[in-house]
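Below, each value reflects all heavy atoms present in this structure, side chains not excepted, and no hydrogens, waters or symmetry copies. Proteins get letters first, then strands, A, B, ... in listed order; numbering begins at 1 in each.
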Number of protein chains: 2
Amino acid sequence: MPRMSEAEKQRSHNRILDAAAQLFRERGVEATSVADVMKAAGMTHGGFYRHFESKEDLIAASFRHAVDDVVSDMEREETSEGRKKERQDYIAKYLSQAHVQDSRNGCPLAAMGTELARTTGAPHQVGAQALDRMAALLRDTSETGSGRGLATMALLMGTITLARLTESEEEADRALEAGRTAIELLQDHWPKDRS
Amino acid sequence: MPRMSEAEKQRSHNRILDAAAQLFRERGVEATSVADVMKAAGMTHGGFYRHFESKEDLIAASFRHAVDDVVSDMEREETSEGRKKERQDYIAKYLSQAHVQDSRNGCPLAAMGTELARTTGAPHQVGAQALDRMAALLRDTSETGSGRGLATMALLMGTITLARLTESEEEADRALEAGRTAIELLQDHWPKDRS
DNA sequence: TAATTTAGATGATACATGTAATCTTAAATG
DNA sequence: CATTTAAGATTACATGTATCATCTAAATTA
């Protein structure tokens, strides 16, 4: 059936990225094989190396892809007011049962952060970059330092992880509610002079 | 060289648990093989199934083992004052560079939480139990609900994950500092009537 | 249109994996 | 002391893994 047009190669490439981004978040990076990804993308494993140099390469690329997907809307927002609203919406969606259950399309850092942290090289790098990017978005433009953005990010990620660890929706809800309350505290009481 | 005395079997058993608890935290559960664990415990992989039914069994047992290790001192504390002090010490150690760098002996939930959350069955269960246990310890005895304990746990875990994702000690320090500030806010401003 | 290129399929490689059967030997038991 | 038992070593097995060489047919290009 090969060979396909340049445009269709791009499409295949994107299908691989999408499939990888979903599977990696759902099952974890180590637990997902290149063949799994290719099958989910509707291809056999052989063609993989026409698109990526190695699995490590795919990890980095698909993670960036996933972060772009989640974050690009927010970054487009221009005004301070628009950003603030986006931020609140994002947090509300983040701390929801839907997000707890659908890790496949959820926050890449929450799903793969621990695994990326153990990596060295490209995957670790894109993880660190993603953190910068997200902390910047969660931070108020008027703020001096990155502290509150970082703390907010930590709280969001931690809360989702806890909620996913629980064994019932009720327990998950308790975790989410605690997360929401804590986020409010950060927003209302973060010291002005802290970084 | 077999066979060994009952007492020495226990010792072997514990060596396996220790090795697993360390390797799982350092490299991740999926990335660590039974053979890796047995080698680290000073044995060949053949004897493994005299001690555990399966890798899944080992995951659950070693995780419980690690949590016990980390938490038992705190649980022994009787007085409210003693507990409070233990809590503060624990948080200070938790949010330290040492903890960021030494995941091997660090918080099991921070190191394996995401992976356990993806599991079903025994490993997921012990993960959920660990969460209950730790949130209970982080919670003030005078409090009504588990909310603040949960939020504190989320913040601790999230902060460590972020710090481990960074690419320099300075960035890691920024994350840790943000975590400390946020913890203070939770301690000072958590609403009295919230669960 | 003929020659060339290459995306993806097929199949192979070399190795790691979890698990189990079998063997060895010393401890436990009588 | 003789017998039984079982901890750990050795080996085997079936499966899964990342990667690569080769094949194919269609898209490009000359």
Side-chain angles (χ1 to χ4, degrees), chain A residues 1-21 23-24 26-63 112 115-116 118-123, chain B residues 1-21 23-24 26-63 112 115-116 118-123:
Chain A
M1 309 144 196
R3 118 192 211 183
M4 336 209 79
S5 79
E6 186 69 24
E8 231 172 329
K9 185 193 178 182
Q10 254 314 319
R11 282 239 225 90
S12 295
H13 193 87
N14 274 324
R15 284 214 319 282
I16 298 174
L17 281 178
D18 282 334
L23 285 178
F24 285 161
E26 189 184 6
R27 304 186 198 162
V29 172
E30 287 281 350
T32 303
S33 72
V34 170
D36 288 340
V37 171
M38 291 301 279
K39 183 185 266 186
M43 285 175 277
T44 53
H45 65 280
F48 176 74
Y49 292 87
R50 303 275 160 173
H51 291 276
F52 300 95
E53 284 205 346
S54 62
K55 187 183 179 182
E56 188 177 300
D57 187 16
L58 174 66
I59 295 169
S62 72
F63 184 83
M112 310 169 52
E115 265 179 305
L116 288 193
R118 288 194 277 251
T119 302
T120 52
Chain B
M1 311 143 197
R3 117 190 216 182
M4 337 207 79
S5 80
E6 187 68 26
E8 231 173 327
K9 186 192 178 182
Q10 255 313 321
R11 281 239 226 90
S12 296
H13 193 87
N14 274 324
R15 285 215 318 282
I16 298 174
L17 282 178
D18 282 334
L23 285 178
F24 285 161
E26 189 184 6
R27 304 186 199 163
V29 172
E30 287 281 349
T32 304
S33 72
V34 170
D36 289 340
V37 172
M38 290 302 279
K39 182 185 267 187
M43 286 174 277
T44 54
H45 66 280
F48 175 74
Y49 292 88
R50 303 275 159 171
H51 291 277
F52 301 95
E53 284 206 346
S54 63
K55 187 183 180 183
E56 187 177 299
D57 187 16
L58 173 66
I59 296 169
S62 72
F63 184 83
M112 310 169 52
E115 265 179 304
L116 288 192
R118 288 194 277 250
T119 303
T120 52

Quiz item: Which distance, rounded to the nearest 0.5 Å, do you find between the CZ of Phe24(B) and the CD1 of Ile59(B)?
Solution: 5.0 Å

Any donor-acceptor N/O pair, [X] side chain to [Y] backbone, under 3.5 Å:
X: Glu115(A); Y: Glu30(A); result: yes
X: Asp36(A); Y: Thr32(A); result: no
X: Lys39(B); Y: Val34(B); result: no
X: Lys9(B); Y: His51(B); result: no

To the nearest Å, give me how far apart [atom1] ([X]) and [atom2] ([N]) are.
X: Arg27(B); N: dA16(C); atom1: CZ; atom2: C1'; result: 14 Å
X: Glu8(B); N: dA27(C); atom1: CD; atom2: P; result: 9 Å
X: Phe48(A); N: dA18(D); atom1: CZ; atom2: P; result: 9 Å
X: Arg50(B); N: dC23(C); atom1: CZ; atom2: P; result: 13 Å
X: His13(A); N: dG8(C); atom1: NE2; atom2: P; result: 10 Å
X: Glu56(A); N: dT17(D); atom1: CD; atom2: P; result: 18 Å
X: Glu6(B); N: dA28(C); atom1: CD; atom2: C1'; result: 10 Å
X: Glu53(A); N: dA18(D); atom1: CD; atom2: P; result: 16 Å

Nearest listed nucleotide, side chain of [X], among [options]:
X: Lys55(A); options: dT22(D), dA7(D), dA18(D); result: dA18(D)
X: Ser12(B); options: dG8(D), dA18(D), dT6(C); result: dG8(D)
X: Met43(B); options: dA18(D), dA9(D), dT19(C); result: dA9(D)

Self-check item: Side-chain heavy atoms of Phe52(B) within contact of Leu17(B), under 4.5 Å
Solution: yes

Quiz item: Does the side chain of Met43(B) reach to within under 4.5 Å of the side chain of Arg15(B), using non-hydrogen atoms?
Solution: yes

Quiz item: Does anything in residues 33-41 of chain A reach DNA chain C, meaning a heavy atom under 4.0 Å, and if so which residues?
Solution: none

Exercise. Would you tell me if any nitrogen or oxygen in the side chain of Tyr49(A) comes within less than 4.0 Å of OP1 or OP2 on dC20(D)?
Key: no

Quiz item: Is His45(B) side chain donor-acceptor paired with the dT11(D) base, going by distance under 3.5 Å alone?
Solution: yes

